Protein chains: 4
Amino acid sequence: MEARKRILTSALEQLEERGYARMTIEQVAVSARVGKATLYRSWPNKAALVLDAVRSRLREVPTAETGDTRGELLSMAKEALAGFFGSPQVQAVLPALVADTAQDPELRRRLREEVLEPRRARSRTVLERAIGRGDLPEDTDISLALEMWAGAMMFRSVFYGDGYDDAALARLVDATLASPPRFAADGEARPVDAAHDA
Amino acid sequence: MEARKRILTSALEQLEERGYARMTIEQVAVSARVGKATLYRSWPNKAALVLDAVRSRLREVPTAETGDTRGELLSMAKEALAGFFGSPQVQAVLPALVADTAQDPELRRRLREEVLEPRRARSRTVLERAIGRGDLPEDTDISLALEMWAGAMMFRSVFYGDGYDDAALARLVDATLASPPRFAADGEARPVDAAHDA
Amino acid sequence: MEARKRILTSALEQLEERGYARMTIEQVAVSARVGKATLYRSWPNKAALVLDAVRSRLREVPTAETGDTRGELLSMAKEALAGFFGSPQVQAVLPALVADTAQDPELRRRLREEVLEPRRARSRTVLERAIGRGDLPEDTDISLALEMWAGAMMFRSVFYGDGYDDAALARLVDATLASPPRFAADGEARPVDAAHDA
Amino acid sequence: MEARKRILTSALEQLEERGYARMTIEQVAVSARVGKATLYRSWPNKAALVLDAVRSRLREVPTAETGDTRGELLSMAKEALAGFFGSPQVQAVLPALVADTAQDPELRRRLREEVLEPRRARSRTVLERAIGRGDLPEDTDISLALEMWAGAMMFRSVFYGDGYDDAALARLVDATLASPPRFAADGEARPVDAAHDA
DNA sequence: AAGTAAACGAGACGGTACGTCGTGTCTTCCG
DNA sequence: CGGAAGACACGACGTACCGTCTCGTTTACTT
């Protein structure tokens with residue numbers, strides 16, 4: 001449909017020019033030369049529209065196999081995580097969408113299922129390959145590892161507007177490769193005081 | 001000041017009852033029996049008001065010294081991080097405040113300087129103590145370690161509304177104790193494939 | 001338009017109940033079950049709204065021809081002038097509208113062109129007919145005569161809240177019939193001391 | 001009192017600069033360097049303040065005796081009526097005060113007793129002198145005559161912002177001198193068709 | 001000359017209404 | 001006859017003044 005494309009384009013324009021909070025459905029409709037009703041027929045609210053508009057611009061998480069575990073992880077972390085949370089667009093839009101999920105369960109579902117989960121699934125394969133190669137232990141808590149990485153970057157992005165440079169990414173990846181979060185590590189099983197190579 | 005207290009109380013009530021997005025300055029003013037002008041005299045917008053209201057309810061990051069590094073870290077992680085990002089109030093409000101920072105540099109500054117930095121500083125002392133005891137290497141990237149922890153919890157809180165249980169916290173802490181992010185670890189210096197299971 | 005009618009009706013109600021000064025656009029909108037924006041779309045301010053509301057209730061100036069000049073004039077003076085300036089509605093509203101014209105040239109224009117001039121034009125025809133019949137001299141200053149009558153009634157209405165009874169109207173009309181303001185009377189042309197009681 | 005004078009002066013300044021409607025007690029207080037309470041201690045509202053401020057600037061109605069009735073009347077009409085209703089200050093303020101009387105009986109009383117009645121009384125003496133001299137009949141309705149004159153000028157002033165020139169004043173005065181409104185003229189006593197000097 | 005009380009400036013306060021803006025629905029007409 | 005155009009009810013916004021009410025602080029009077 002012609003209109004749909006014009007709407008999404010206008011939405012991205014408005015988003016860039018004015019930011020999420022000051023972007024207006026009214027203005028999107030006008031600048032897409034579309035009746036508001038047409039717009040509401042396809043999206044129930046601003047968040048849903050923005051989610052679609054932004055989704056169309058996301059690059060996929062790279063999972064290319066090179067045989068080099070550390071390289072694959074670094075590449076994934078850089079492209080999929082740092083590149084994602086560090087991009088100005090995502091920085092501008094993601095917190096707003098997240099905030100809106102408080103009022104909008106459907107948005108929360110879509111954000112999880114259509115954005116996060118697919119990315120997470122692809123990231124996970126890279127870690128699983130590392131386990132397969134013996135570069136990570138079998139009982140690695142992959143979800144937790146990914147959350148540590150993604151969370152660290154999101155944290156810095158969200159509160160400081162900064163991204164992670166290659167050196168910081170390497171510290172992150174290397175620390176996890178050296179000692180990833182492991183299910184077996186729960187409780188007292190692991191003696192704390194032998195924890196590092198002092 | 002009498003009015004100020006009534007306003008903050010009303011703000012917290014409204015916040016709890018209706019959530020950030022549907023909370024209204026108008027309603028806060030009415031239910032605090034205060035003119036809107038009085039409110040605007042002290043706070044330029046909803047975000048600033050909420051920040052103050054919430055700030056008054058935050059507990060401090062515990063830094064009690066017990067001699068047990070792992071215990072201290074677990075305790076700090078649980079109280080300051082899991083307890084913070086996992087609390088329903090913070091979950092409801094933080095994303096909205098973060099979203100508003102996009103339009104409001106002053107809010108961003110206050111969020112950083114008045115909320116995050118003080119907590120971060122106190123958390124950091126616990127890690128520094130661990131380094132002092134030799135439980136973590138001298139070149140530990142403390143900021144990065146804290147961001148990994150906080151980020152992981154914030155990530156889960158924000159996208160899934162979940163918190164971390166004790167077991168997950170232990171995995172997090174133990175992994176970091178075993179091999180924290182280190183400045184010296186940058187680049188190729190550290191052989192990746194000898195990283196675990198030593 | 002449905003809304004327009006509801007608004008004008010509500011305006012008249014409010015006007016009657018609370019008076020012009022205490023009538024509120026807000027309340028008109030509420031009681032007409034209309035958004036304020038709808039109201040502002042049609043009227044820029046309270047005065048414009050009230051002008052329209054009141055205008056819809058004005059009766060026309062009677063100009064019926066009976067052949068009896070004095071009777072026609074008395075009837076016109078009574079209906080159009082005493083009935084107008086003496087009516088509680090006009091008394092309540094006209095001073096306020098006049099006061100508002102100080103801030104609002106458009107209001108002043110409308111008050112003149114849409115209310116006063118049409119009434120004045122019709123009143124004038126009655127006087128012109130009297131001239132035609134020879135009951136008033138050709139050089140009668142019709143405008144001035146009308147202003148004397150209207151002004152006198154407005155004066156009393158405005159400052160004392162009273163109207164003119166039939167006897168007073170007759171004094172007014174008879175004095176003017178006996179000796180109307182005349183253009184030829186300017187300057188010294190007319191001997192002052194032979195003016196009465198001839 | 002020092003403050004009182006500063007307040008009245010500021011009021012007149014504000015009145016001139018912004019007009020009655022946009023003049024503000026707040027601003028008067030500020031520019032008179034006076035607390036609002038001080039102002040309210042002396043005047044209950046804007047109208048009362050303005051009434052006092054304006055009253056201090058009014059010139060008296062001239063009643064000088066010259067022996068020339070027509071001249072005295074013209075002079076009185078010009079100074080007291082045309083000069084009063086035609087002055088920009090009165091034009092700007094009087095309608096607003098009149099409008100406010102609808103909400104404020106005390107203001108109405110003061111406007112009548114402190115402004116209108118004194119002027120009316122002095123004007124009346126001029127007419128009474130004319131009666132004494134035989135230039136007007138004994139049964140002249142002096143009040144009505146004055147209302148006709150004042151009303152005519154107020155009418156034109158209020159709706160058209162114009163004043164009366166000398167010629168128009170002469171027409172007014174001469175018409176009244178030739179045939180003033182008379183009590184005896186009531187009813188059918190006066191034959192209508194002999195009304196003018198055809 | 002000191003002590004005290006009234007009057008004052010400054011401006012915070014609880015209110016009310018303002019005029020504007022955006023939302024999401026509903027109606028009107030045009031192509 | 002589908003869709004643009006935009007009117008509409010609603011509700012919150014942030015502002016401006018209102019009239020009331022503390023605050024300290026001059027004043028000016030009393031002792």
Side-chain angles (χ1 to χ4, degrees), chain A residues 1-4 6-7 18 21-49, chain B residues 1-4 6-7 14 18 21-46, chain C residues 1-4 6-7 14 18 21-46 49, chain D residues 1-4 6-7 18 21-46 48-49:
Chain A
M1 191 180 301
E2 185 53 34
R4 183 183 175 85
R6 285 207 314 276
I7 292 170
R18 327 236 319 142
R22 297 172 48 203
M23 159 191 172
T24 269
I25 290 199
E26 196 110 25
Q27 189 52 43
V28 170
V30 167
S31 82
R33 275 164 303 118
V34 140
K36 280 203 286 179
T38 302
L39 212 154
Y40 276 105
R41 215 170 290 129
S42 299
W43 297 276
N45 50 49
K46 181 161 73 163
L49 168 61
Chain B
M1 195 176 302
E2 186 52 36
R4 185 184 175 85
R6 288 207 311 277
I7 291 170
Q14 296 294 319
R18 330 234 321 142
R22 297 172 47 203
M23 158 191 175
T24 265
I25 291 195
E26 194 114 24
Q27 188 52 44
V28 170
V30 167
S31 82
R33 273 164 307 117
V34 140
K36 280 202 282 179
T38 300
L39 214 153
Y40 280 107
R41 218 173 285 129
S42 300
W43 297 276
N45 49 51
K46 183 162 70 163
Chain C
M1 196 177 299
E2 185 52 37
R4 185 185 175 82
R6 288 207 311 276
I7 291 170
Q14 296 293 319
R18 329 234 319 142
R22 298 172 47 204
M23 158 190 174
T24 267
I25 290 196
E26 195 114 23
Q27 188 53 43
V28 169
V30 166
S31 82
R33 271 163 309 117
V34 139
K36 280 201 283 178
T38 300
L39 215 154
Y40 279 105
R41 218 174 285 127
S42 298
W43 296 277
N45 49 51
K46 183 162 70 163
L49 168 60
Chain D
M1 190 182 299
E2 185 53 35
R4 184 184 174 83
R6 286 208 312 277
I7 291 169
R18 329 234 320 144
R22 299 171 47 204
M23 159 190 174
T24 270
I25 290 199
E26 195 111 24
Q27 189 53 42
V28 169
V30 167
S31 83
R33 275 162 303 118
V34 139
K36 282 202 285 178
T38 301
L39 212 154
Y40 278 105
R41 218 172 285 128
S42 300
W43 297 275
N45 50 50
K46 181 162 71 162
L49 169 60

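Predicted, not measured: the structure shown is a model, and the values here were computed from it. Residue numbers begin at 1 in each chain, while the letters A, B, ... track the order of the sequences.
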Each nucleotide N or O in nucleotides 18-22 of chain E that has a protein N or O under 3.5 Å away: list the pair and distance.
residue	atom	partner	partner atom	Å
E:dC18	OP1	C:I25	N	3.1
E:dC18	OP2	C:I25	N	3.3
E:dC18	OP2	C:E26	N	2.8
E:dG19	OP2	C:Y40	OH	2.2
E:dG19	O5'	C:Y40	OH	3.2
E:dG19	N7	C:K36	NZ	2.8
E:dG19	O6	C:K36	NZ	2.7

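No donor-acceptor pair under 3.5 Å is formed between the side chain of B:K36 and the backbone N or O of B:A29. Of the possible polar contacts, one joining the D:R6 side chain to the D:R33 backbone as a donor-acceptor pair under 3.5 Å is found.
Rounded to whole Å, the distance from CG on D:L39 to C1' on E:dG9 is 12 Å. Atom pair A:R33:CZ and E:dG31:P shows a separation of 16 Å (rounding to whole Å applied). In this structure, the CH2 atom of D:W43 is 16 Å from the C1' atom of F:dG19, given to the nearest Å. If you take CZ of C:R4 and P of F:dC8, they are 11 Å apart, rounded to a whole angstrom.
At a threshold of 4.5 Å between non-hydrogen side-chain atoms, the residues C:W43 and C:I7 count as touching. The closest side-chain heavy-atom distance from D:N45 to D:Y40 is not below 4.5 Å. The shortest distance between side-chain heavy atoms of C:M23 and C:L49 falls below 4.5 Å.
Taking both residues in full, the closest heavy atoms of C:S42 and C:R4 are given as CB-NH1, 4.4 Å, listed atom of the first, atom of the second, then distance.
Under 4.0 angstrom from either OP1 or OP2 of F:dA9 there lies at least one side-chain N or O belonging to C:T38. Side-chain N/O atoms of D:R6 include one lying less than 4.0 angstrom from OP1 or OP2 on E:dG9. One finds no side-chain N or O of D:R41 lying less than 4.0 angstrom from the OP1 or OP2 phosphate oxygen of E:dA7.
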